[in-house]
Protein chains: 2
Amino acid sequence: MAELSDPPVAGRGRPRSKNAHRAILEATRQLLEERGFVDLTIEEVAQRASVGKATIYRHWPTKGTLVFESFTVQFLAQQPLPDTGSLRGDLLASLRAWIRNVKGTVTGRTLVGLIAEVQRDPELAELWRDHFVVPVRAQHRLMIERAIERHEISSKTDVDVTLDLVFGAAYHRLLQSHLPLSDRFAQSVVDTIVGGLASEVERSPTHR
Amino acid sequence: MAELSDPPVAGRGRPRSKNAHRAILEATRQLLEERGFVDLTIEEVAQRASVGKATIYRHWPTKGTLVFESFTVQFLAQQPLPDTGSLRGDLLASLRAWIRNVKGTVTGRTLVGLIAEVQRDPELAELWRDHFVVPVRAQHRLMIERAIERHEISSKTDVDVTLDLVFGAAYHRLLQSHLPLSDRFAQSVVDTIVGGLASEVERSPTHR
DNA sequence: TAATTACGAAACGATACGTATCGTATCATA
DNA sequence: TATGATACGATACGTATCGTTTCGTAATTA
């Protein structure tokens, strides 16, 4: 994670200002809260940070990458890796934490804005997959793998599909906002999936 | 569906030109294919359709609503309502049709562009929910309700959550493009969900 | 000390938006 | 048949935002 912005190239010349870097990220954070992703402009970030616009572009190529760096720090810090002893408990705790983190929050609105932006900017999309989707999934994946080790679910379980079911449903409600991200929703999602995985154990009792 | 664009107000004055209306939609269709949602401009649509820019704005308030009308006709015509006799068969046929419709197609790219736009434009979001999400879900809902009537799954099944699981996972892969929308994916999604719903019948055998 | 690079400030060209205005065309109504 | 209302195509316009460039100055290395 450390450096998403262009790293200060060691060498000759005046070095990149860490103050400017910090001030830009802080101004971004503030303006995301005040205006949201869509109405945030690089121009205003520069003003707020008392920084030339060119300095921002020297560190980040696009608004998307800047907001992304400001966002991920915040987001990843709030995604726990629960260990309750059961798959149901882990998935439910994880999904509840995700909902708490995004529902009605600046983080949630920024997440939505970034996902929208990712669909319009292929370079940001790559950054997004490599430095957000993949790391978050790697962490979530552990919950499933532990359940497999406990022989709670089949070793043939498709881990990726399981994650897509749990969080795909959640992202779906976040992006389509057709129905609320209620706790009833979280429970129902997890219960159905865990039930489905358990039934696969019964059908193919090949786990030792 | 019929009229998403501002309907020609019956009354005095010169009526809206149906030719212009058709030409605009056709030019939009072409340019979506050539340029994609992001790079489609109203200016070019006007040129291509041999129409004044103002005429477009007279019919549709934004680029989003214009593309939306061009899109939905295409999309909804290709979403079948399967009736295979089993929930598994229906869901799988439906999900496969969805994947065929969006994977590597102009329709799919436009769908992605529209979902992104919906996150930036609250008015389009309302249109999207009322004239896309709700109708599509209403159709898909029938598959679940028929399974309930057949006593294949519990009458207590949360229909909305079930739909969010099936298509939420699919939209997730479409938007995050972390993994392919393979047929293996479709089967695994449906099997897990159907297994989960069936296990709920066993746990609460209250269906008559 | 000279070369090099970043700094803040500001002007710039480019693009696309959505609106306004022009003169013309087509309708309902009187 | 005449009048008023509205849409038409064409085009000019002002605004917003972008990302780049230029300026003189500051910081660092060779």
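The chains referred to below are lettered A, B, ... by the order of the sequence lines, with proteins before strands, and numbering in each begins at 1. Since the structure is predicted, the reported quantities are computational estimates derived from the model, not experimental observations.
Between B:H59 and the phosphate of D:dC8, there is a side-chain N or O to OP1/OP2 separation shorter than 4.0 Å. Side-chain N/O atoms of A:T55 include none lying less than 4.0 angstrom from OP1 or OP2 on C:dA6. When the side-chain nitrogen and oxygen atoms of B:R58 are compared with OP1 and OP2 of D:dC8, one or more of them lie within a distance under 4.0 Å.
The CZ atom of A:R35 sits 14 Å away from the C1' atom of D:dA16 (whole-angstrom rounding). C:dC17 atom C1' lies 9 Å from atom CD of B:E43, rounded to whole Å. Spacing between atom CD of A:E44 and atom C1' of C:dA10 amounts to 18 Å, rounded to whole angstrom units. Atom CD1 of B:I56 is separated from atom C1' of D:dA10 by 13 Å (rounded to the nearest Å). Rounded to an integer number of Å, the gap from CG of A:L31 to P of D:dT17 is 13 Å. Residue A:I42 contributes atom CD1, which lies 6 Å from atom P of D:dC18 at whole-angstrom precision. Across the protein-nucleic acid pair, A:Q47 atom CD and D:dT17 atom C1' stand 13 Å apart, rounded to whole Å. Between the CG atom of B:L40 and the P atom of C:dT15 there is a distance of 17 Å, rounded to whole Å.
Under the 6.0 Å distance and 45° angle rule, B:K63 counts as a cation-pi partner of B:F37.
A:A46 comes within 4.0 angstrom of nothing in the nucleic acid, heavy atoms only.
Judged purely by distance below 3.5 Å, without hydrogens or angles, the side chains of B:W128 and A:Q176 pair a donor atom with an acceptor atom.
If you check C:dA25, D:dC18, C:dA16 against the side chain of B:R14, the one that comes closest is C:dA25. Distances from the side chain of B:T41 to the nucleotides D:dA27, D:dC8, C:dA16 place C:dA16 closest. The side chain of A:Y57 has D:dT20 as its nearest neighbour among D:dT20, D:dG9, C:dA6. When the nucleotides C:dC7, D:dC18, C:dG8 are ranked by their closest atom to the side chain of A:V51, C:dG8 comes out on top.
You'll find the ring centres of A:H21 and A:H59 inside the 6.0 Å limit. Taking the centre of each ring, A:F167 and A:H140 come in below the 6.0 Å mark.
Judged by distance alone, with hydrogens and angles left aside, the side-chain atoms of A:R173 form no donor-acceptor pair with the main-chain N or O of A:L181 at under 3.5 Å.
A:K53 contributes a side-chain N or O that forms a donor-acceptor pair with the base of D:dG19 under 3.5 Å.
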